[in-house]
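Comments concern the structure below.
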Number of protein chains: 2
Amino acid sequence: MNQLKEALETLKETGVRITPQRHAILEYLINSMSHPTADDIYKALEGKFPNMSVATVYNNLRVFREVGLVKELTYGDASARFDFVTSHHYHVICESCGKIVDFHYPGLNEVEQLASHVTGFKVNNHRMEVYGTCPECTSKEVH
Amino acid sequence: MNQLKEALETLKETGVRITPQRHAILEYLINSMSHPTADDIYKALEGKFPNMSVATVYNNLRVFREVGLVKELTYGDASARFDFVTSHHYHVICESCGKIVDFHYPGLNEVEQLASHVTGFKVNNHRMEVYGTCPECTSKEVH
DNA sequence: TAAACTAATTATAACAATTATAATTTAAGA
DNA sequence: TCTTAAATTATAATTGTTATAATTAGTTTA
Ligand SMILES: [Mn+2]
Ligand SMILES: [Mn+2]
Ligand SMILES: [Zn+2]
Ligand SMILES: [Zn+2]
């Protein structure tokens, strides 16, 4: 696939070694249309890599984040989720089942500017998520 | 103080017992102009309550959240922060020192509506934070 | 291609934030 | 004051993640 090739190219350019584990983690991230946790990835690959350490998954996700290949979505108690970076988008999250769905919206530059102006902060970026109930969970609700 | 009185009244109305610990935690939350962690609160009150358990702090913060008195701000690895609920506002967070500063901005209803329309979710609320560097940290930077 | 160098992986332990458990204490109403 | 359910305490358990140190394996260089 094209995205995988480009990702491997990015690793090569930044001097990050390409190992079978990294290849497999990237491949999984790109192909899974979801937003997996480190443990999801670990479990999904344990057939192919029975000896892979969970630390390897975490280490490599951090490397991928550092070179800009993935975004880490962090939440309170729950485990972090990882998103292979394509175009800029936001997420809507189901409070019932935890599903995360992408949606596109122009960046909130105005909010960043106002925050900067009002607080004197040098603003770098922002985080925005919408919470609600997904169609599947809504239809399952008692009525 | 007025806010404390109202908060205690809310507890009474919802049938939540008012204990010295709860009184002190609420008082601390209202008076501290910051966004303390559970441990901040625990440490701040250990003079007055040498035997208070950290579980009590967590339990009561959960109770306060459930009756709508406080908001819990959750982050990835770092510990949660708690904000006594006054008016609706957003936060700008310093990536260097962790400081959290309030700022006001009209709610992002349009984003919620678009997300709902595009994904079919029943939308309840959203989360938005701006990240950057606070004036103090900016002036400390090497140049 | 082989050796050398260094980064990556593994196994394991440690950590930190939070929650569960069970015994004891206490707030609030009768 | 008595009663009772709720709250607190002390402690252990849990969970997600990171640190450590020994081993393995990419990549470079000769
Ligand atoms: Mn996404
Ligand atoms: Mn606030
Ligand atoms: Zn759902
Ligand atoms: Zn700062």
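Reminder, nothing fancy here: chain letters follow the sequence lines and each chain counts from 1. Source: prediction; values computed, not measured.
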Please write out the pairs of protein N or O atoms and N or O atoms of nucleotides 3-9 of chain D separated by less than 3.5 Å, giving the distance to one decimal.
residue	atom	partner	partner atom	Å
D/dA5	N3	B/R17	NH2	3.3
D/dA6	O4'	B/R17	NH1	3.3
D/dA6	O4'	B/R17	NH2	3.3
D/dA7	OP1	B/R22	NH1	3.0
D/dA7	OP1	B/R22	NH2	3.4
D/dT8	OP1	B/T19	OG1	2.5
D/dT8	OP2	B/N60	OD1	3.1
D/dT8	OP2	B/N60	ND2	3.4
D/dT8	O3'	B/Q21	NE2	3.0
D/dT9	OP1	B/Q21	NE2	3.2
D/dT9	OP2	B/S53	N	3.1
D/dT9	OP2	B/T56	OG1	2.8
D/dT9	O5'	B/N51	O	3.2

Could you pick out which residue, A/V54 or B/R81, lies toward the 5' side of DNA chain C when each is mapped onto its nearest nucleotide?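 Whichever sits nearer the 5' end wins; that is A/V54.
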
Determine, using the 4.5 Å side-chain heavy-atom cutoff (strictly less than), whether B/L29 and B/V16 are members of one ILVMFWY cluster.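 Yes, one cluster joins them.
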
Answer with yes or no whether the hydrophobic clustering places A/Y131 together with B/L114; edges join I, L, V, M, F, W, Y residues whose side-chain heavy atoms lie under 4.5 Å apart.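 Per the 4.5 Å side-chain linkage, A/Y131 and B/L114 are not co-clustered.
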
Could you check if a side-chain atom of A/T14 sits within less than 4.5 angstrom of a side-chain atom of A/E66, using non-hydrogen atoms only?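 The answer is no; the side chains never approach within 4.5 Å.
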
Side chain to side chain, B/L69 and B/L11, heavy atoms closer than 4.5 Å: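 Of all side-chain heavy-atom pairs linking B/L11 with B/L69, at least one is under 4.5 Å.
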
Can you check the [X] [atom1] to [N] [atom2] distance for me, whole Å?
X: A/R62; N: D/dG16; atom1: CZ; atom2: P; answer: 18 Å
X: A/H23; N: D/dG26; atom1: NE2; atom2: P; answer: 13 Å
X: B/L11; N: C/dA28; atom1: CG; atom2: P; answer: 10 Å
X: A/I18; N: D/dT27; atom1: CD1; atom2: C1'; answer: 11 Å
X: B/Y75; N: C/dT18; atom1: OH; atom2: C1'; answer: 17 Å

Would you find a donor on one side and an acceptor on the other, under 3.5 Å apart, between the side chain of [X] and the backbone of [Y]?
X: B/S116; Y: B/F121; value: yes
X: B/R22; Y: B/R17; value: yes
X: B/T56; Y: B/M52; value: no

Checking side-chain polar atoms at under 3.5 Å, does A/E95 have a donor or acceptor matched by the opposite partner on B/N124?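 Yes, side-chain donor-acceptor contact under 3.5 Å.
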
With ring centroids as reference points, do A/H126 and A/Y90 lie under 6.0 angstrom apart?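 Yes; A/Y90 has its ring centre under 6.0 Å from that of A/H126.
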
Review item, nucleotides 1-3 of chain C N/O atoms under 3.5 Å of protein N/O:
none

Which residues within residues 34-46 of chain A lie with some heavy atom under 4.0 Å of an atom in DNA chain C?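 Residues of residues 34-46 of chain A under 4.0 Å from DNA chain C: none.
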
For residues 102-109 of chain B, which side-chain donor-acceptor pairs fall under 3.5 Å, sequence neighbours excluded?
residue	atom	partner	partner atom	Å
B/D102	OD1	B/H35	NE2	3.1
B/D102	OD1	B/H89	NE2	3.2
B/D102	OD1	B/H91	NE2	3.1
B/H104	ND1	B/H88	O	3.4
B/Y105	OH	A/E110	OE2	3.0

Please say whether the positively charged group of A/R127, taken as NZ for Lys or CZ for Arg, lies over the ring of A/Y75, i.e. under 6.0 angstrom from the six-membered ring centre and within 45 degrees of the axis.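 Output yes; distance and angle both within limits.
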
Is B/R62 salt-bridged to B/E72, cutoff N-O under 4.0 Å?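 Salt bridge absent between B/R62 and B/E72.
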
Five pairs per end, C1' atoms only: what is the angle between the end axes of the helix from C/dT1-D/dA30 to C/dA30-D/dT1, to 10 degrees?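 The angle, to the nearest 10 degrees, is 30°.
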
Could you give the side-chain donor-acceptor pairs of residues 41-48 of chain A under 3.5 Å, partners two or more places apart or in another chain?
residue	atom	partner	partner atom	Å
A/K43	NZ	A/D39	OD2	2.6

C/dT18 phosphate, OP1 or OP2: any side-chain N/O from B/Y58 under 4.0 angstrom?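 Yes, because at least one side-chain N or O of B/Y58 sits under 4.0 Å from OP1 or OP2 of C/dT18.
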
